[in-house]
Protein chains: 2
Amino acid sequence: MAEAQRRPTLMDVAKAAGVSRALVSIVMRGAPGAAESTRARVLEAARELGYRPDSRARLLRSARTRLLGLSFSTSQPFHAEIVDAAYAGAAERGYEIALSAVASGRPETRAAEALLDMGCEALILISPTLGSEELAGFSRRAPVVSLLRDDVGDDVDSVSSDDHAGIRLAVEHLAALGHRRIAHVDGGEAVSAAQRRVAFRAEMLRRGLEPIVVPGGPTEEDGLRACALLPDNPPSAVVAFNDRTALGVIEGLRTAGLRVPSDVSVVGYDDSQFARLSYVQLTSVSQDAPLLATAAVDRAVDRLAGAEAPAHLVRTPHLVVRNTTAPAPAD
Amino acid sequence: MAEAQRRPTLMDVAKAAGVSRALVSIVMRGAPGAAESTRARVLEAARELGYRPDSRARLLRSARTRLLGLSFSTSQPFHAEIVDAAYAGAAERGYEIALSAVASGRPETRAAEALLDMGCEALILISPTLGSEELAGFSRRAPVVSLLRDDVGDDVDSVSSDDHAGIRLAVEHLAALGHRRIAHVDGGEAVSAAQRRVAFRAEMLRRGLEPIVVPGGPTEEDGLRACALLPDNPPSAVVAFNDRTALGVIEGLRTAGLRVPSDVSVVGYDDSQFARLSYVQLTSVSQDAPLLATAAVDRAVDRLAGAEAPAHLVRTPHLVVRNTTAPAPAD
DNA sequence: GTCGTTGTCTAGAACGTTCTATAGACTGGT
DNA sequence: ACCAGTCTATAGAACGTTCTAGACAACGAC
């Protein structure tokens, strides 16, 4: 159908209810200044006509748009979890979320600019790939919060997960199960791979254990390949860079005739969908998307409220124990 | 920083370039009616001031917003692939995409209404869960295209994938490899499970083969469980409802001591990320997200251009052969 | 009675753009 | 010389909302 039937405006409702445009506006946004009786009458007229406020006009006119811009990447399943939680967090603080995706022919700059053009008061960028100076450029127009990445310069807020703490949790868990020979299949050049590698070394040394670090990468292939590089006398546990890396490692161990977790325990990182799959049930370090999302929203809202300087918030991850870790075999 | 520094408007650029507001507008949107020399001067002034058009005002004023609303679910990784492709498709037809997510506390109605309020000219809803009458309601305001679901009534367009053809491709492939005993682990009550089940039966009978249908479901657990229900004399090939189901089946076969694909071949459906994982390499029927996305965009744009009645488009899926299918064992 | 005070309502400007109508300044053909 | 046509530019209304300022009535306090 979709006839060219003009959608009703404030004016239409005003006429129907026999009041002024301004009063309908007051009623529609629940502002004080209308008698209860007329309020009801206006609301009824609006319902009758099927009136819905036009967000373009509303956004254009009002000083505060109460709109938070959120950019995410279509290629990262983890981002979707954050988007989900961000909606709830924003609603709780009385804000709306405007989405903009980083897609194939659509670079991050474009996504961020679109959000600004829509009238967003602040920007939340999920693991931005932009440089500090570019981010600083955006931050001159609106407060910017970098989510999942913290090396973004001093003009931009950041909310990220404590990699050191995450790795410590993993090692702690394995050590408590009696493991002494623990290897780390690292993330190679991937984002935050260096931090996790350093954290692993530090944590192992702190416990008087020898840190075995094997070069890996962020994908299953990398994990698979890394298995070939494990010492002949294999470790009894592996901390993988990533859940995907962990899956590759598990596959590699399996084909080498080792059983997980009875022979070798494996810990992943991210607690992604993979990890939760019933036939995987991977023990993994969770960055907790909802927690990060609400922290980022809160930070953005606070920046809009007060005038505090940008800060770098770090959230502590937690360990989700499933079925790929078990007590060390009594060798 | 984020000072309260007002962003430059058309008026500012006009003053700087010494022309009228209207002319700057003409230049900014590349419309005819400006001399090349002044065009350059205006553009320079705009660049100088860092002017960016305000999309709220633009959207509010212009008759054609050239905005396509796209709703997707954060919990479906497949939707992300479609979003990605939709951006490219829309850009090609001179349209922009406005996103709205269906998230935890955010039902589909809310997502769709938000898109309408933003001034979208048409709506593309990815596998909508709304009823036909509700969809028809939206279609009175703007053309609506349902993506991935076709039983949406006659007021709404739909673009979906041909389940029958997909199953046929799978069976064809297996038959060509010499398989005669082929089982289908179905999707139980899941969306489009019935269609695929019917298609499998029909296709097997057409070939004079006995259709073995085993009750399953859309997750790995279901696939795993279904393995126990396979006849004692196991089939040499399985067509799973789903990639996830297929993974469960593979796991089940493996633990039963059967090798994939040398003992049993397995075909999945969706060609999801799982399927492409290097250690899985699942042969799967691909619905081809980019194809579906551009088809939906094209359909929406066509509806906006012409006045044709809603149609139900069906795209033919294709088979992606990987490493979980092999010639039938010479029994 | 007059005077704030409070509660309800309204007129009209404003937001930054696009659209419609029109005005001048050139062309070139007669 | 004059008119038609094209090109360039502009003024001002419009889009649908919110905001500012103020009008009007009712009320109680003096």
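None of these values were measured; they are calculated from a predicted model. Throughout, protein chains are lettered first and strands after them, A, B, ... in sequence-line order, and every chain is numbered starting at 1.
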K.L.:
Taking distance alone, no hydrogens or angles, what donor-acceptor pairs closer than 3.5 Å link side-chain atoms of residues 126-138 of chain B to residues at least two apart or in another chain?
P.N.:
| unit_1 | atom_1 | unit_2 | atom_2 | d |
| --- | --- | --- | --- | --- |
| B/Ser127 | OG | B/His79 | NE2 | 3.1 |
| B/Thr129 | OG1 | B/Glu108 | OE1 | 2.8 |
| B/Glu134 | OE1 | B/Gly131 | N | 3.0 |

K.L.:
side-chain hydrogen bond (donor to acceptor under 3.5 Å, both in side chains) for B/Ser160 and B/Ser158? Distances and angles first, verdict last.
P.N.:
CA-CA 6 Å; B/Ser160 54; B/Ser158 76; 4.8 Å; no
K.L.:
Which of residues 20-28 of chain A sit near DNA chain D, with a heavy atom under 4.0 Å from it?
P.N.:
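Contacting residues: A/Arg21, A/Ala22, A/Ser25.
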K.L.:
Would you check if there is a donor-acceptor pair between the side chains of B/Asp84 and A/Thr74 at a distance under 3.5 Å?
P.N.:
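Looking only at side-chain atoms, B/Asp84 and A/Thr74 do form a donor-acceptor pair, the distance falling under 3.5 Å.
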K.L.:
Hydrogens and angles aside, do A/Ser37 and A/Arg41 bring a side-chain donor and acceptor to less than 3.5 Å of each other?
P.N.:
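Looking only at side-chain atoms, A/Arg41 and A/Ser37 do not form any donor-acceptor pair under 3.5 Å.
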K.L.:
Between the side chains of B/Arg106 and B/Ser100, is a donor N or O closer than 3.5 angstrom to an acceptor N or O?
P.N.:
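Yes, because at least one side-chain N or O of B/Arg106 sits under 3.5 Å from a partner of the opposite role on B/Ser100.
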K.L.:
For B/Glu121 and B/Tyr95, what are the C-alpha separation, side-chain angles and deciding distance, and is it a side-chain contact (heavy atoms from CB on, under 4.5 Å)?
P.N.:
CA-CA 10 Å; B/Glu121 295 187 48; B/Tyr95 280 77; 4.2 Å; yes
K.L.:
What distance separates A/Leu68 CG from A/Leu99 CG, expressed to the nearest 0.5 Å?
P.N.:
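The CG atom of A/Leu68 sits 11.0 Å away from the CG atom of A/Leu99.
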K.L.:
Mind checking the CG-OG spacing from B/Leu148 to B/Ser161? Nearest 0.5 Å is all I need.
P.N.:
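B/Leu148 CG to B/Ser161 OG: 8.0 Å, rounded to 0.5 Å.
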K.L.:
Between A/Ser62 and B/Glu36, which is nearer to the 5' end of DNA chain D once each is assigned its nearest nucleotide?
P.N.:
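The 5'-side residue here is B/Glu36.
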K.L.:
Using a 4.0 Å heavy-atom cut-off across all strands, classify A/Pro53 as base, sugar-phosphate, or nothing.
P.N.:
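Sugar-phosphate, no base atom in range.
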K.L.:
Do the side-chain N or O atoms of A/Arg39 get closer than 4.0 angstrom to the phosphate oxygens (OP1, OP2) of C/dC9?
P.N.:
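It does not, given that no N or O in the side chain of A/Arg39 lies less than 4.0 Å from OP1 or OP2 of C/dC9.
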K.L.:
Could you list where the contact with chain B starts and ends along DNA chain D, reading 5' to 3', using a 4.0 Å heavy-atom cut-off?
P.N.:
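Boundary nucleotides touching chain B, in 5' to 3' order, are D/dT8 to D/dG16.
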K.L.:
Base, sugar-phosphate, or nothing for A/Ser55, non-hydrogen atoms under 4.0 angstrom?
P.N.:
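If one applies the 4.0 Å heavy-atom cut-off, A/Ser55 turns out to touch nothing in the nucleic acid.
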K.L.:
Closer to the 5' end of DNA chain C via nearest nucleotide, is it B/Arg64 or A/Ala35?
P.N.:
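The answer here is A/Ala35.
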